[in-house]
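Everything on this sheet refers to the single structure shown next.
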Amino acid sequence: MKWLSMNSPSSIRVNPPRCAPPSVSKKFWLLLLIGGLTVLFALKTAWDLQPLPAALSLGDSEVRKPLLFDRFGNPLAISYQNRWSVQTVPLHEIPQLLQNAVIESEDRNFLSHGGVDWPARVHALAQDLRAMRGVRGASTITEQVVRMLHQRPRTVWSRWLEGIEAVGLEGHFSKNEVLEFYLNQVPYGHQRRGIVEAARFYFDRDPATLNVKETLALAVLVRAPSGLDPRLRDRSLERRLDKLAEHMREKGLISEDQYRRAISEGFEFAHSRRIIEAPEFVQHVFNSTGAGVLNSNGSITTSLDGRLEQKARQILRNRLEALRASDVGAGAVLVVDNRSGEVLAWVSESLSAGESQGWVDAVTVRRQPGSTLKPFLYSLAMEMGWTAATLIEDSPLSEAAGLGLHSFHNYSRTYYGPVRLRVALGNSLNTPAIRTIRFTGTQRFLDRLRLLGIAGLDKSAEFYGHGLALGDGEVSLFELVQAYSALARHGDFLPLRVLSERHLPPGEISAVIGPAAAAVIGDILSDPQARRLEFGESHLLRFPVQTAVKTGTSTDHKDCWAVGFSERYTAGVWMGNLDHRPTRGITGAIGPALILRALFAELDRDGETGSFATWPGLQAVNICAVSGMLAGPGCPRMEEKFEPGKAPAGPCSLHSTRDGGDASAGAESISAHPSSVIELLQPSPGLQIAVDPRIPTELQAFAFRISKNIKAEKVEWVLNGKAVGVSGKDEHQFLWPLCRGEYTLHARVWQSGKSDSVETPGVDFVVK
């Protein structure tokens, strides 16, 4: 065998080629990576882009609150915490100089680019790289609009999205629409937005009234409003302003004269109008009005008189502080114009401000009205036939309350016997009011109050009972003043309004109270002599200009009221505690009356208010001040007002004894009054009386009573068909010894000058 040498060429072993996998180009992988990133970038971009608005108008009232002004243009409430400004103006009302200045200062190529100014962006990027920091943004006006619409963090990614959306925005809206939105919404310092807010903040004027320098300042301030405040007299603002003015002169956008004025004129600062403090009124306006009442600039002009509002608030605060020791913690004031029903002052104050009750609006919260409803009760009785001279019995009065007995009494616990309606209302006597609502009926009185806008009385007549005459139920100061203003308008009801309007909408006024009755009620409430029995001379309620005044105090002194009206104004005051805690003996005549007097002193200051207009249908008649009949020679005389046909038919004979007449005839004339009905006052039907086990039965008695306005010669008390006692002349009660059982009581009454007796209807009661 021959071996080949390994070094011999013939000995070289040639291996066959291997099957290697195909190689992939690095370029391919790079392209694949780039493509994938591009797709992800595009998807991320598409995902983060936000839809364009349907219109560049602010129709979303939920994200903005309008400005409120008083009737003289003074601001009431301006919230700068809103996303948008509502102080907007259309583009054609914005001075052309201001439009040009903003474009030159912010986006010189605005009219030519398509949403993004690419050359400016490149130039800004170069500046940033050279400085190694952000020097220039190069955002166009359109991109800034996008930034306002779509709030994002200030990042490079956000800038990319804003550029795309800016191009889309200009594809949907015109340059004018974009510019108008920008000028009205561009952020300034101090949380102001738009040129209107900025002009009013810095110069207290509208943009159209600014001089050349102030106009250019608004354009420059957009760039750095917090650092270029013109009120700081910073020279950096002047330098930028001069540079802008020079550039605009070179481009022919301002004249040589305007340029000289821009660099020579100063800023005319004015003291900003003080915001009037009226938070409860503002909240009520926001809650009760809609966007339809907005003015063209997004504001609302209200009916409020800012000066009067501030004065009323100070008066109320001072009085609350003075009564702090009497545990009076809150109060409210409402003043309206009788002619238009416009609210002029709306004040709610609490010494507990800061607690939860400090934010309760005491003007609209419902409380017990005390005696303040009585004028409406008596006006209703007059429409049903009574007059101001009608006699009403004032004596202790009780009536059933469930199965028990409720006693009514006057505030002073004094009773005056038969009194004229004028005296009963003027002195706010309680038992005559109960007898009056018995005459009118509770349901009819309740219906009248509801027609006067007192919606808080929403229960049934049976729920309130006769106590409605004395203030059972709850009403608000707003409702009460609204009702009293109807009295001031001779019975015409007009809902109160909080917006300033020159003309009344047709059909809004409705006649609720008879004009003659309303006129007489106003005369009574403004008559100092009518209230002398309970209030004395009451100089506090005697105003220099004729003013009808009514006070009221609820049970346990929890609520104190004073309401009044002059020929021109109606005002009401409430004082108490918002947590229903009673005050320490404060009444309407002590607390609110002094505030009411101070308010009308302020209202009458201009001398525009005079005496009440006399209702043409009324006639003045001399009557007897005691009997209410036509005055005779010996009568204490007074003048009373009557509707035609309602004056007393005959002369008073009560005082005719001075001329030899019979005094009993005069006494009979009083008892013959329609209110002098013979009835049992005690017991009331269905009354249940409990014998006190701690006291011997023989020492316990119950008083049977009849009306005191009956001139009785004798009264026989009949129990279960048997006479148990007799009362003598002018005696109106009998003390019956208590005995357990079921009973029916009658009273047989013999009246003066009459031979036959009159028997009252029977009343069933039980003694347990």
Side-chain angles (χ1 to χ4, degrees), residues 61 65-77 276-313 332-348 361-366 449-456 475-513 518 563-574 599 602-603 608-609:
S61 59
K65 277 191 175 181
L67 282 84
L68 265 65
F69 294 91
D70 79 346
R71 63 194 305 112
F72 303 114
N74 299 308
L76 292 179
I276 297 168
E277 185 181 357
E280 295 81 14
F281 175 77
V282 167
Q283 191 60 47
H284 178 79
V285 173
F286 282 148
N287 293 340
S288 61
T289 59
V293 301
L294 290 175
N295 297 330
S296 59
N297 63 351
S299 64
I300 295 176
T301 301
T302 70
S303 62
L304 208 72
D305 182 333
R307 184 195 61 81
L308 180 63
E309 170 79 11
Q310 292 174 315
K311 186 67 176 180
R313 189 173 296 275
V333 169
L334 186 67
V335 182
V336 303
D337 188 324
N338 294 330
R339 298 176 302 181
S340 62
E342 293 178 331
V343 172
L344 302 178
W346 178 307
V347 180
S348 176
D361 185 358
V363 173
T364 56
V365 71
R366 293 188 171 110
L449 294 175
R450 288 170 177 169
L451 286 175
L452 290 167
I454 302 181
V475 306
S476 68
L477 180 62
F478 182 92
E479 293 171 330
L480 200 59
V481 169
Q482 183 173 243
Y484 268 82
S485 68
L487 277 175
R489 284 187 294 272
H490 289 152
D492 288 339
F493 174 74
L494 175 65
L496 299 185
R497 60 186 67 208
V498 294
L499 304 182
S500 180
E501 299 181 38
R502 298 298 181 186
H503 305 286
L504 302 183
E508 233 186 306
I509 296 179
S510 57
V512 176
I513 304 173
V563 190
F565 59 87
S566 63
E567 178 270 335
R568 176 74 182 276
Y569 304 104
T570 298
V573 182
W574 168 84
L599 286 173
E602 190 67 26
L603 292 168
E608 293 183 6
T609 302

Quick check: closest heavy atoms across [X] and [Y], and the distance to 0.1 Å?
X: Val573; Y: Leu477; answer: N-CD1, 3.8 Å
X: Ser288; Y: Val498; answer: OG-CG2, 4.3 Å
X: Leu494; Y: Gln482; answer: O-CG, 4.2 Å
X: Trp574; Y: Ala362; answer: CZ3-CB, 3.8 Å
X: Leu344; Y: Ser303; answer: CD2-O, 3.7 Å
X: Ile454; Y: Ala483; answer: CD1-CB, 4.2 Å

Quick one: does any side-chain atom of [X] pair with a main-chain N or O of [Y] as donor and acceptor, under 3.5 Å?
X: Asp70; Y: Leu76; answer: no
X: Gln310; Y: Ile276; answer: no
X: Glu280; Y: Asp361; answer: no
X: Thr570; Y: Val336; answer: no
X: Thr301; Y: Arg71; answer: no
X: Arg497; Y: Ser340; answer: yes

Notebook entry, point to check: Hey, what do you get for OG (Ser510) to CG (Leu452), rounding to the nearest 0.5 Å?
Noted result: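 So the gap between those two atoms works out to 8.5 Å.
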
Notebook entry, point to check: Out of curiosity, Glu479 CD to Leu496 CG, how far, rounded to the nearest 0.5 Å?
Noted result: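 Reported to 0.5 Å precision, the distance equals 10.5 Å.
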
Applying side chain to side chain contact (heavy atoms under 4.5 Å, CB included), name anything that partners [X], two or more places apart in sequence or on another chain.
X: Ala312; answer: Val333, Ala345, Val347, Leu599
X: Ala511; answer: Asp492
X: Ala518; answer: Leu487, Ile513

Margin query: Under the rule for side chain to side chain donor-acceptor pair (under 3.5 Å), what residues qualify as partners of Ser485, not counting sequence neighbours?
Written below: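 Scan of Ser485 (side chain to side chain donor-acceptor pair (under 3.5 Å), adjacent residues dropped) gives Arg489.
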
Note to self: For a 4.5 angstrom cut-off between non-hydrogen side-chain atoms, does Val363 reach Phe281?
What the structure shows: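 No, every pair of side-chain atoms sits at 4.5 Å or beyond.
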
Check: Under the side-chain contact (heavy atoms from CB on, under 4.5 Å) criterion, do Asn74 and Leu304 qualify, and how do the steps go?
Finding: CA-CA 10 Å; Asn74 299 308; Leu304 208 72; over 6 Å; no

Checklist line | Residues forming a ring-ring contact (aromatic ring centres under 6.0 Å, His included) with Phe478, sequence neighbours excluded | finding: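 Checked Phe478 against ring-ring contact (aromatic ring centres under 6.0 Å, His included); matches are His284, Trp346.
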
Notebook entry, point to check: Tell me, which pairs form a salt bridge (Lys or Arg N to Asp or Glu O under 4.0 Å) where one or both residues lie in residues 299-310, sequence neighbours left out?
Noted result: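 Listed once each, the pairs are Arg307-Glu602, Glu309-Arg313.
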
Check: Of all residues at least two apart in sequence or in a different chain, which pass the salt bridge (charged side-chain N to carboxylate O under 4.0 Å, His left out) check with Asp337?
Finding: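 Asp337 satisfies salt bridge (charged side-chain N to carboxylate O under 4.0 Å, His left out) with Arg339, Arg568 once adjacent residues are dropped.
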
